[in-house]
Amino acid sequence: MSLKEFEIIQAFFDKPNTQENVILGVGDDAAIVSIPNNNELVITTDTLVSGIHFFENTLAAHIAHKALAVNLSDLAAMGATPAWITLALTLPNNDENWLKEFSNSFFALANQHNVQLIGGDITRGPLSITIGAYGFVPKGFALRRDRAQPGDLIFVTNTLGDAALALQLYKKNISPNPSLQKLNCPNPQITIGEKLRGIANSAIDISDGLASDLGHILEKSHVGAEVNINTIPLSNTMLETISFNEAIELALTGGDDYELCFTVPKDKIELLSEKLKGFSYTQIGTITKSTGLNLKNNNGEKYALKNKGFQHF
Ligand code: ADP
Ligand code: MG
């Protein structure tokens, strides 16, 4: 069956509006929305390209989930509450089964975070997905990269390196353990981001490896960091599959974890543990006045990185 552009939109992307702040959603030349009083609008966009960000045989459900998750992860890293999304799809064909699977997975994650799809575009070409995500944060409470202070403690959520390990295994044609599914189905840490408002001095989501992403905080904040590599949280699956040294290298330089890295001043640590009760997060180091990322092990010996984080150019 051959679906035309507007039929695709109608069948798969035009969902009933559930948000009162959407005045006009899908269907007109553009959407109209309103921002709640005393809030600021946080805006992000990310593109996923077939063959670059995912293998050509990746399931439509995984592509949809990841495309949306990486955008929501950027909102999480800003401490924003997601509200709306736009979806620009470039498709090689109008395969109805593919679209159905994509749409189902897309809206499963969108509904989980109560975000409304308010517009987009569909064009023909090599498969590529561009999503815009829009969220709110109370005025002045956004989490930024440029506010880390010397003395802040550095934390990360959950475990690091799992997605990079899954990627390594896929490249060797080995199906990764389901617990490594973060590569295809990352979980945007929206709730933690919201809870960090007014507590964390700075935050970032880890998309290119801890060393590179923490490095962005250090650069923007004009500070340095001391990190104990023995405190970096690693999953049991990681430690059962590869050596500690390999695992640490993946945690520091492997991409696609979409966990949060954030820094908290010492006088807010008690508040932090109250707010994040029940969540998994680990202190890995301290922000220092002297610049640069200083990696050490439990014995205080310097650790030198073997790789750099992922870079497109
Ligand atoms: P225009 O030609 O004015 O850009 P389109 O025909 O591209 O309009 O889109 C018609 C309507 O459908 C618009 O409201 C647009 O935002 C929406 N739309 C198009 N593609 C998508 C999509 N993939 N997901 C959600 N809404 C979409
Ligand atoms: Mg258009």
Side-chain angles (χ1 to χ4, degrees), residues 1-36 39-76 78 80-136 184-188 190 207 258:
M1 179 180 160
S2 161
L3 291 174
K4 296 205 170 60
E5 187 183 331
F6 80 92
E7 290 170 330
I8 294 177
I9 298 167
Q10 218 170 22
F12 300 111
F13 299 109
D14 191 357
K15 302 284 175 180
N17 178 36
T18 57
Q19 294 208 3
E20 59 181 68
N21 54 31
V22 177
I23 296 151
L24 195 56
V26 169
D28 210 312
D29 294 311
I32 309 173
V33 294
S34 64
I35 304 168
N39 278 254
E40 287 166 333
L41 185 59
V42 181
I43 303 173
T44 183
T45 188
D46 258 315
T47 297
L48 261 64
V49 177
S50 179
I52 306 283
H53 298 93
F54 53 86
F55 296 115
E56 269 150 38
N57 63 358
T58 303
L59 298 177
H62 287 163
I63 297 170
H65 181 103
K66 187 157 179 176
L68 181 52
V70 302
N71 279 281
L72 295 180
S73 175
D74 280 325
L75 292 184
M78 300 300 292
T81 301
W84 318 302
I85 38 183
T86 56
L87 170 65
L89 265 180
T90 303
L91 301 170
N93 56 49
N94 55 358
D95 179 342
E96 204 178 333
N97 288 329
W98 191 95
L99 280 161
K100 195 183 215 170
E101 189 185 321
F102 182 96
S103 165
N104 285 343
S105 168
F106 187 87
F107 286 105
L109 184 61
N111 294 340
Q112 190 186 325
H113 293 286
N114 196 25
V115 287
Q116 179 75 37
L117 181 64
I118 55 168
D121 199 20
I122 297 183
T123 52
R124 187 191 281 264
L127 180 61
S128 148
I129 303 99
T130 297
I131 290 176
Y134 306 79
F136 308 128
N184 287 319
C185 297
N187 191 12
I190 297 290
S207 53
Y258 297 100

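Numbering of ligands and ligand atoms starts at 1, following listing order. The chain is numbered in sequence order, starting from 1.
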### Message
Within ligand 1, which atoms have a heavy atom of F13 less than 4.0 Å away?
### Response
24 (N), 25 (C)
### Summary
For D28, the ligand 1 atoms with a heavy-atom partner under 4.0 Å come out as 11 (C), 13 (C), 14 (O)
### ligand 1 N/O within reach of L87 N/O, cut-off under 3.5 Å
yes
### Task
Sequence neighbours left out, what passes side-chain contact (heavy atoms from CB on, under 4.5 Å) with S105? Give chain and number order.
A61, A64, H65
### Query
Just which atoms of ligand 1 are under 4.0 Å from any heavy atom in E5?
6 (O), 7 (O)
### Summary
Heavy-atom closest pair (F55 atom, T58 atom, distance to 0.1 Å) is O-OG1, 2.7 Å
### Query
Short N/O distance, under 3.5 Å, between G27 and ligand 1?
yes
#### Entry: Numbered atoms and elements of ligand 1 in range of D29, under 4.0 angstrom, heavy atoms
3 (O)
### Message
Determine whether a donor-acceptor pair (N or O, by modelled atom type, separation under 3.5 Å) exists between the side chain of S73 and the backbone of P188.
### Response
no
#### Entry: Residue part near ligand 1, for T86, under 4.0 Å between non-hydrogen atoms
neither
### Query
Should the proximity of I9 to ligand 1, defined as any heavy atom under 4.0 Å, be assigned to the side chain, the backbone, both, or neither?
side chain
### Query
What's the spacing between H62 NE2 and F54 CZ if we round to 0.5 Å?
12.5 Å
Could you pull out all donor-acceptor pairs under 3.5 Å where a side-chain atom in residues 106-119 meets a protein atom, sequence neighbours excluded?
unit_1	atom_1	unit_2	atom_2	d
N111	ND2	F107	O	3.1
Q116	OE1	T18	N	2.9
Q116	OE1	T18	OG1	3.1
Q116	NE2	P16	O	3.4

### Interatomic distance, L48 atom CG to T130 atom OG1 [nearest 0.5 angstrom]
8.5 Å
### Task
Let me see the working for W84 and N21 under side chain to side chain donor-acceptor pair (under 3.5 Å), right down to the final yes or no.
CA-CA 10 Å; W84 318 302; N21 54 31; 2.9 Å; yes
#### Entry: Selection from L117, L99, I122 by shortest heavy-atom distance to atom 25 (C) of ligand 1
L117
### Message
Between ligand 1 and G25, is the shortest N or O to N or O distance under 3.5 Å?
### Response
no
